[in-house]
Amino acid sequence: MRPAHKPETINTVTEKFMGLFQQHIDHLVQVTTAALADTHYDGLWIYSGHPENNFLDDMAPPHSINPHFKWWVPVPNVTSSVIHFVPGHKPKVYLHQPADFWHKVVDNSQDKWTQYFDVEVIGHYNQLPDFAAYKNHAWIGSKELQPLSAQDTNPDAIINHLHFSRIQKTEYEVHCIAEANQSALKGHHAAQEAFYAGASEYEIHMAYLQACQHNEYQMPYGNIVALNENPAVLHYQYQSRERVATDQLKSFLIDAGASYKGYAADITRTYAYQPGRFAEMIKMMDEKQQMLCQKAVTGQDYVALHELAHLSISELLCEFEVINCSAQTAVESGLSQTFFPHGLGHYLGLQVHDVSGHVIDRQGTVKSPPKAYPFLRLTDHLRENAVITIEPGVYFIPMLLAEIAKHKDVNWQKVTELLPFGGIRIEDNVVVKSTVPLNLSR
Ligand code: GLY
Ligand code: MN
Ligand code: MN
């Protein structure tokens, strides 16, 4: 007999979420205890950071919290707060909640996450403990506050250990990145509609923010919103206010994410305004990108996957008669790098380009990218539950094309036709699994 359908109530959703959070905290306790044991420290302070004013100014840029702090505390906008971790003790948070009539002070001290911590609300810095009085502790935090000796401040041995642990995500972290993806996809849908309605880059950007209910400060990185030839600028940031006449509109690339409890999404889509060869090229790129996503399984060598991306993109260039040589020759001669000059992707998590991409063990042993691919951000084999991006692209970048001017294997007539379209990038966020990867962006 089929079990009666029981709709999920808000309570059961919250309970599930808190169950995941508890497992996450248990995991952090375990990995941090191991990191301290291996590095012979008795305890750890983690500082959230606080805003620092701009040069000769009384204004500060938006605060970017210490990722180690938000790994534990799921409130990405607290400042001047400290976590104290000693193995065997409940982690403690000194949570800064000042009496302040200039700003809204959000009271996080009663949130559900606090049940896993000993929370002490402090109204002023002078209520923070005397950090140096605790023997054999290390401190993780940026330059705003460094109360311990240089040797015990961000010690490489601890940072390497913890960064390596951050590669493989807990179920809670995957849930957060999935939620960030859901918000981002709402933005992408709105952006697509705005593009086909003839909106400017700036208007598309605003439609994106509105749909995912983020302000600029909550975005994990600056939106890349690029019409026509602008996708050829890889990190195009300009956001023109000018609308392009619809009879001139050709292409649209948007690379934009969202955040959820401090975790990032990082998604790119490309559209053609009219059906035709460029639209067909996008379709083929999408198929190749999906094939690459399917290979994000445990043990896959990411450098080899990047090389496969080069081969796939070269096949596309052959298919659309942009190059005259074989795909294999385009990869081996380096020609494909003119059209695909960045890496296939990176780790994703608390940071957009999450840590440890060039590291292969807890000791921080570096595996540099091969000489041929200096911009590759991930060089290790893939580990289960790592979250990565898969973001192949093909671009028509005047500066790079000028470097190979008159190259005999390039069909320059086709290049001239494609320059006004800028390029294509398609990017998904994928959880590495042993057999079938989990794509969070589809
Ligand atoms: N949005 C930056 C990147 O894709 O890496
Ligand atoms: Mn990316
Ligand atoms: Mn991106």
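Note that ligands are numbered from 1 as they come in the structure, with each ligand's atoms numbered from 1 the same way. Computed from heavy atoms alone, side chains included, the values below leave out hydrogens, waters and symmetry copies.
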Determine, for E173 against R166, whether the closest basic-nitrogen to carboxylate-oxygen distance falls under 4.0 angstrom. no
Give a yes or no on whether the ring-centroid distance for F17 and H175 is below 6.0 angstrom. yes
When you measure from the Mn ion (ligand 2) to the N, O or S atoms of H346, does any of those distances fall below 2.8 Å? yes
Numbering the atoms of ligand 1 from 1, which are under 4.0 Å from a heavy atom of E427? 4 (O)
Which atoms from ligand 1 have a heavy atom of H346 less than 4.0 Å away? 3 (C), 4 (O), 5 (O)
Metal check, the Mn ion (ligand 3) vs E391 N/O/S, cut-off below 2.8 Å: no
Taking atom 5 (O) of ligand 1 as the reference point, the nearest protein heavy atom with its distance: H353 NE2, 2.7 Å
Atom of E427 nearest the Mn ion (ligand 3) (restricted to N/O/S, atom name only): OE1
Could you identify the single nearest non-hydrogen protein atom to atom 3 (C) of ligand 1 and state the distance to 0.1 Å? D266 OD2, 3.3 Å
State whether the shortest distance between N or O atoms of D255 and N or O atoms of ligand 1 falls below 3.5 angstrom. yes
Can a donor-acceptor pair be found, under 3.5 Å and without considering hydrogens, that links the side chain of Q97 to the backbone of V106? yes
Can a donor-acceptor pair be found, under 3.5 Å and without considering hydrogens, that links the side chain of K261 to the backbone of C176? no
Checking ring-ring contact (aromatic ring centres under 6.0 Å, His included) between F21 and each of W72, W71, W113, Y172, which is the one that passes? Y172
Of all the heavy atoms in V352, does at least one lie under 4.0 Å from an atom in ligand 1? no
Heavy-atom closest pair (I397 atom, A232 atom, distance to 0.1 Å) is CG1-O, 3.4 Å
Specify which N/O/S atom of D266 comes nearest to the Mn ion (ligand 3), by atom name. OD1
Which heavy-atom pair separates G49 from E144 by the least distance, and what is that distance? CA-OE1, 3.3 Å
By the definition side-chain contact (heavy atoms from CB on, under 4.5 Å), identify the one residue from V387, V297, T298, L438 that meets it with V432. T298
Would you mind listing which atoms of ligand 1 come within a distance below 4.0 Å of any non-hydrogen atom of Y221? 1 (N)
